[in-house]
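Beneath this line is the structure, given in structure tokens, with notes to follow.
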Number of protein chains: 2
Amino acid sequence: MSPPLHISISEKLRHQIESGVYTSGDRLPSEHQLMETFSVSRITARQAVANLVSQGLAIAYRGKGVFVTPQKKVTYSLSSPLVFLEQDMARQGIAFSFENLVFEPAAAPSDAAAALGIPKASPVYVQKKLFRMDGAAGAVDLTYLIADLGDRFAPLLEHQMTFPILAQNGIPIDCLDAVIECTHADYDLSGYLEVPLGHALMVYRYTAYSSDQQPVLHGATISRADRFCYSLSTRAGASA
Amino acid sequence: MSPPLHISISEKLRHQIESGVYTSGDRLPSEHQLMETFSVSRITARQAVANLVSQGLAIAYRGKGVFVTPQKKVTYSLSSPLVFLEQDMARQGIAFSFENLVFEPAAAPSDAAAALGIPKASPVYVQKKLFRMDGAAGAVDLTYLIADLGDRFAPLLEHQMTFPILAQNGIPIDCLDAVIECTHADYDLSGYLEVPLGHALMVYRYTAYSSDQQPVLHGATISRADRFCYSLSTRAGASA
DNA sequence: ACAACCAACTTGTTATAACAAGTGAGCTTA
DNA sequence: TAAGCTCACTTGTTATAACAAGTTGGTTGT
């Protein structure tokens, strides 16, 4: 009838977080404190905390403690007219910064090649960016299918917004195909994205086409599922 | 340098799943077998399995064992022209069934009321459906903002697809606002959806408008994040 | 004053142990 | 034959214990 102890403790802490006893960034009681407060073993206290961490409500740092994760989500609007992540955040007035990690000619990854309809390992440009906004971090992987990109405006793409730069250079993005899915952080991502292993991630994968229906780039925006959500609208004058 | 034992074991099992040693529905080695195979304690073996379960790669049943979750995801296309879940699955040739749980007049829930722009607790119709497709289950909560729904075609909505029934009765759905986010199963949902506590869920929330821009209904489609994904396209003749 | 060290805290990993509880096969009994 | 029981196996929960490893602040020594 009664739930396991670790669930009860989790729920108690969750309610305290939701009711404001602990707010964004606060330190939760240490495992030792939970042991004494609830008269349980460390395993049980640990499992209670693990429940919160696995759901993204808190994050643990070895040597420091367990801290409440900000609960507010950043909404990325996918509605027409198409805007890239940077633009949409600017429109919403959310502080946004990104850091270029990689920008170089490379052989097309197999998934991007398939999406772009080109042979695997075709020559493309690959860009990797980290972005930060409102305390949350994410990653963007881009695969550009533009032959002479390097000579023309590659340097611009390293430091400026992708879509406007493309448009200014005669390649306006007209439409795209996209998939939104949820995956989990694996060992490849930990550190790179500061996401605990096993944490849920939102992945937004898209293929962008120019106005003549030719594929231009393939992208993946990877973000923490507890900090990001996506919105779309088919209404005429919508701007939510 | 070397990762913790339980991570190594998780990875080994994950690779075995991905390489086909264990496929959809197969039983993984029991905790006792893992203890002997890898010469570790039960805690470590358990933690290795817990990693897989928390990522949705496997699901554990007490008394039976741990079984591989189907990895294939069902894609729900949100592209224009608007189609409801049932229709899109039928179009893709995926076996689909739903079960009506609740259909009754009720006071509008606060979130639906806010989305529909009506006072809280206004009279509405509330419907709850469970659906099954391709081995996955999900739930649909609908809040209808139609005053004389009961007298006209309410019974039809219990057993047939929502959008066509609305259209046939003079209420064609023209456009919608939607948000896609990822949450986690809490105690309310376990059992109801056969989702383990803490499991990631995809939530698709939308407000549907008729052709005269009046809100008609508010809905939420809740599904397992490891079994569902959403796609959209702004291309003209797209049908992916 | 400053650097180095250390002690006390934190979470992370792992072992051993026991009991609870759900499942299923096989045996026993009516 | 059929119902019911038992036993072996499964995962779930919890306790105690020890060490590893990262952080922080205070103390000590130069």
Side-chain angles (χ1 to χ4, degrees), chain A residues 1-13 22 25-69 185-187 190-191 194-199, chain B residues 1-13 22 25-69 185-187 190-191 194-199:
Chain A
M1 185 63 67
S2 65
L5 281 178
H6 67 90
I7 302 270
S8 306
I9 299 174
S10 278
E11 290 304 318
K12 194 147 198 168
L13 289 173
Y22 302 108
D26 282 2
R27 218 192 100 181
L28 292 178
S30 72
E31 294 172 357
H32 189 74
Q33 286 173 300
L34 291 177
M35 286 168 66
E36 292 194 338
T37 304
F38 295 98
S39 301
V40 294
S41 74
R42 197 182 157 207
I43 282 206
T44 305
R46 233 182 122 60
Q47 206 162 343
V49 174
N51 291 337
L52 300 177
V53 171
S54 78
Q55 296 183 27
L57 268 74
I59 183 167
Y61 298 98
R62 181 191 295 198
K64 298 175 74 173
V66 180
F67 299 84
V68 177
T69 305
D186 55 23
Y187 55 96
S190 36
E194 298 173 8
V195 171
L197 192 140
H199 202 99
Chain B
M1 187 61 67
S2 65
L5 281 179
H6 66 91
I7 302 269
S8 306
I9 299 174
S10 278
E11 290 304 319
K12 195 146 198 169
L13 289 173
Y22 303 108
D26 281 4
R27 218 191 101 181
L28 292 178
S30 72
E31 293 172 356
H32 189 72
Q33 287 174 300
L34 291 176
M35 286 168 67
E36 292 194 339
T37 304
F38 295 99
S39 301
V40 295
S41 72
R42 195 180 159 208
I43 283 205
T44 305
R46 229 182 125 60
Q47 206 163 343
V49 173
N51 291 337
L52 300 178
V53 170
S54 77
Q55 296 183 28
L57 268 72
I59 182 166
Y61 297 99
R62 181 191 294 199
K64 297 176 72 174
V66 180
F67 299 84
V68 177
T69 305
D186 55 23
Y187 54 95
S190 34
E194 298 172 7
V195 171
L197 192 141
H199 203 99

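The sequence lines fix the lettering, A, B, ..., with proteins before strands; numbering per chain opens at 1.
- In this model, the phosphate group of dA15(D) is approached by a side-chain N or O of Thr44(A) to a distance below 4.0 Å at OP1 or OP2.
- At a cut-off of 3.5 angstrom, counting only N and O atoms as typed in the model, there is a donor on one side and an acceptor on the other between the side-chain of Arg42(B) and the base of dT13(D).
- A residue-by-residue look at His6(A) and Gly65(B) shows that Gly65(B) has its nearest nucleotide of DNA chain D further toward the 5' end.
- For the atom pair CZ (Arg27(A)) and CD (Gln33(A)), the distance works out to 6.5 Å, reported to the nearest 0.5 Å.
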Worksheet item: Between Ile59(A) and Val66(A), is a side-chain contact (heavy atoms from CB on, under 4.5 Å) present by the stated rule, with each step listed?
Response: CA-CA 6 Å; Ile59(A) 183 167; Val66(A) 180; over 6 Å; no
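- The distance between atom CZ of Arg46(A) and atom P of dA15(D), rounded to the nearest whole Å, is 15 Å.
- For Leu5(A) and dA21(C), the CG to P distance is 13 Å, given to the nearest whole Å.
- Listed nucleotides: dT16(D), dG12(C), dT13(C). Nearest to the side chain of Ser41(A): dT16(D).
- Side-chain nitrogen and oxygen atoms of Ser30(B) include at least one within less than 4.0 Å of the OP1 or OP2 phosphate oxygen of dT10(D).
- Here dT14(C) presents its C1' atom at 15 Å from CD of Glu31(B), a figure rounded to the nearest Å.
- Between Thr69(A) atom OG1 and His199(A) atom NE2 the span is 6.5 Å, to the nearest 0.5 Å.
- Nearest heavy-atom pair across His6(A) and Asn51(A) is ND1-ND2, 3.2 Å.
- Between the CD1 atom of Ile9(B) and the C1' atom of dT13(C) there is a distance of 12 Å, given to the nearest Å.
- Candidate nucleotides dA15(C), dT13(D), dT11(C) were compared by shortest atom distance to the side chain of Arg62(A), and dT11(C) ranks first.
- Atom CD1 of Ile43(A) and atom P of dT16(D) are 10 Å apart (whole Å).
- The distance from atom CZ of Phe67(B) to atom C1' of dG24(C) is 12 Å, rounded to the nearest whole Å.
- Using a 4.0 Å heavy-atom cutoff across all strands shown, Val66(A) reaches sugar-phosphate atoms only and no base atom.
- Atom-to-atom, CE of Met35(A) to P of dT16(D) comes out at 8 Å; the value is rounded to the nearest Å.
- Put simply, the residue from Leu52(A), Leu57(A), Val53(A) that forms a side-chain contact (heavy atoms from CB on, under 4.5 Å) with Leu28(A) is Leu52(A).
- Heavy-atom nearest nucleotides on DNA chain C were determined for Tyr61(A) and for Ala45(B), and the one closer to the 5' end corresponds to Tyr61(A).
- Remark: P of dT23(C) and CZ of Arg27(B) are 14 Å apart, rounded to the nearest angstrom.
- Across all strands shown, Val40(A) has heavy atoms under 4.0 Å from sugar-phosphate atoms exclusively, and none from any base.
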